[in-house]
Amino acid sequence: MSQTLTTGTTIAAIATAIVPQQGSVGIVRVSGTQAIAIARALFHAPGSQPWETHRILYGYIRHPQTQQLVDEALLLIMKAPRSYTREDVVEFHCHGGIIAVQQVLQLCVEQGARLAQPGEFTLRAFLNGRLDLTQAESIADLVGAKSPQAAQTALAGLQGKLAQPIRQLRVTCLDILAEIEARIDFEEDLPPLDEEVVKAQLEQVLAEVTRILATADRGELLRTGLKVAIVGRPNVGKSSLLNAWSRSDRAIVTDLPGTTRDVVESHLVVGGIPIQVLDTAGIRETADMVEKIGVERSRHAASHADLVLLTIDAQAGWTPDDEEIYLQVQHRPVILVINKMDLVAEDRLKLLQSKIQNPKSKILTAAARNQGIDALEKAILAAVQSGDILAANLDLAINQRQAEALTRAQISLQQVQATIADRLPLDFWTIDLRGAIQALGEITGEEVTESVLDRIFSRFCIGK
Ligand code: GDP
């Protein structure tokens, strides 16, 4: 990464997904002082098309030495500073597939560009002051968004909705620091520090820090999704439930590769929330080990889940084994799914429901007949909104890095309060206040180290 901190070189990358035979257009993006010279060397625009910024030229890409035709393409020129990186940027819009774009990329490198590292275009946008760090992170989130809600939150971040309050908090801390330092340096010339004002300001800053920190759970939820485990005895209908759910109209099944361990089975989107259903149903038990494994597996699944769907067989009722499994998972929010309702008369179902005290949230399904999925989703959304799973409901949502920095700011600010309460000299107040300012600055990038940049931009794909 360290080499990327120098923005002198010209970088190039394929900016579109590289999938053979898919996508009709492939884009090679070049950024840096050499970008336009490279385009001039490779691109031939017939007629009298002007090489002006923010125009699209039509023409051919040719090998500069042999003049061999590489592709018929469009060229987009964006001169600095009106570009994504604030440098000169050109984009070759080639035919899709992998061959043309790779050849064009190769030619750009031969003309002096260097292959871009993941996130390097966005890193340059940050280093050149076009984006702050939260905005840069929002771009990665937008690209990786798994639901419309996640995309909305990323867009809010991109528009500075997170950076603004953080910057404001930092400014307030800087103001307090200035007041204190003035008292340290020019004690005789100034009226004494109004301690009550400082205390009130700190209290306000802390409250806001805490409020923003509460969005971390929501950020996590939007980013990775709600992890739901379906648990229950063998043959109660867990697989059938998952099948019915995946096939229902409201659930958009996304075919994303599992990000975590082997337990991830399906990705659904319910009410805008991405949901990972952790598979506990897939493996078939051998008869003699049934109960033991069932219990063990339920415990394991629940330890990874935000929400547990405890499934029982309506015909069998609430059995001691169901009770045993419930004991393993009750530390999580649990929804009881009473399946196979089609096999039991209505009055018996009512009786069963009233007999079971816990879990409180109960729904009836007939998974094999695709019935009850509506109720299931309603119950999940109700659990999410009730605050069991999610405290905050805000436009903004912070990620793990931001939460870590914000937590450091919170601790430092509490430390300042303690220092004041202990009546320690002013010098001591400033130490922790500086700590808070540093931590807040790391979030937006006003104070930043290379390792922080590394951590952020390594998440990106190449060409972004
Ligand atoms: P699992 O072991 O918990 O995953 O259970 P399965 O989903 O494999 O279901 C076990 C059996 O119950 C299968 O024969 C299913 O067809 C049947 N089954 C599942 N759900 C229902 C239901 O709602 N009604 C009825 N009548 N049968 C069901």
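We use all heavy atoms of the structure for the numbers below, so side chains are in, but hydrogens, waters and symmetry mates are not. Read the numbers this way: they start at 1 and go in the same order the structure lists the ligands and their atoms.
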Mind checking whether Val236 contacts ligand 1 via backbone (N, CA, C, O), side chain (CB onward), both or neither, at a 4.0 Å heavy-atom cut-off?
->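 Answer for Val236: both.
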Of the side chain and backbone of Asn235, name the one, both, or neither that has a heavy atom under 4.0 Å from an atom of ligand 1.
-> both
Could you tell me whether the side chains of Gln106 and Glu110 share a donor-acceptor contact shorter than 3.5 Å?
->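 The answer is yes; a qualifying pair exists.
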side-chain contact (heavy atoms from CB on, under 4.5 Å), paired with Leu42, selected from Asp71, Leu75, Ile61 |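 Answer to the side-chain contact (heavy atoms from CB on, under 4.5 Å) test with Leu42 among Asp71, Leu75, Ile61: Ile61.
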Can you list the atoms of ligand 1 that are under 4.0 Å from a heavy atom of [X]?
{"X": "Ser240", "result": "6 (P), 7 (O), 9 (O), 15 (C), 19 (C), 20 (N)"}
{"X": "Leu343", "result": "26 (N)"}
{"X": "Asp342", "result": "22 (C), 23 (O), 24 (N), 25 (C), 26 (N)"}

In plain terms, say whether Glu346 and Lys350 are close enough for a salt bridge, that is, a side-chain N and a carboxylate O under 4.0 Å apart.
-> yes
Residues Asp342 and Arg369 bridged, charged N to O under 4.0 Å |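 Salt bridge flag = yes for Arg369 with Asp342.
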For ligand 1, is there an N or O atom under 3.5 Å from any N or O atom of Asn339?
-> yes
Does an N or O anywhere in Leu241 fall below 3.5 Å from an N or O of ligand 1?
->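 No; every N/O pair is 3.5 Å or more apart.
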With sequence neighbours excluded, residues passing side-chain contact (heavy atoms from CB on, under 4.5 Å) with Asp141 |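 With neighbours one apart ignored, the set is Ala154, Arg223, Arg459.
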Does CD belonging to Gln204 count more than 12 external heavy atoms closer than 6.0 Å?
-> no
Does even one non-hydrogen atom of Gly232 get within less than 4.0 Å of ligand 1?
-> no
Salt bridge (Lys or Arg N to Asp or Glu O under 4.0 Å) pairs, two or more places apart, involving residues 129-139 = Asp132-Arg167, Glu137-Arg401
Met341, Lys340, Gln315, Lys238: member with heavy atom nearest to atom 17 (C) of ligand 1 = Lys340
Measure from atom 28 (C) of ligand 1 to every heavy atom in Ala368, Gly372, Pro234 and give the option owning the shortest one.
-> Ala368
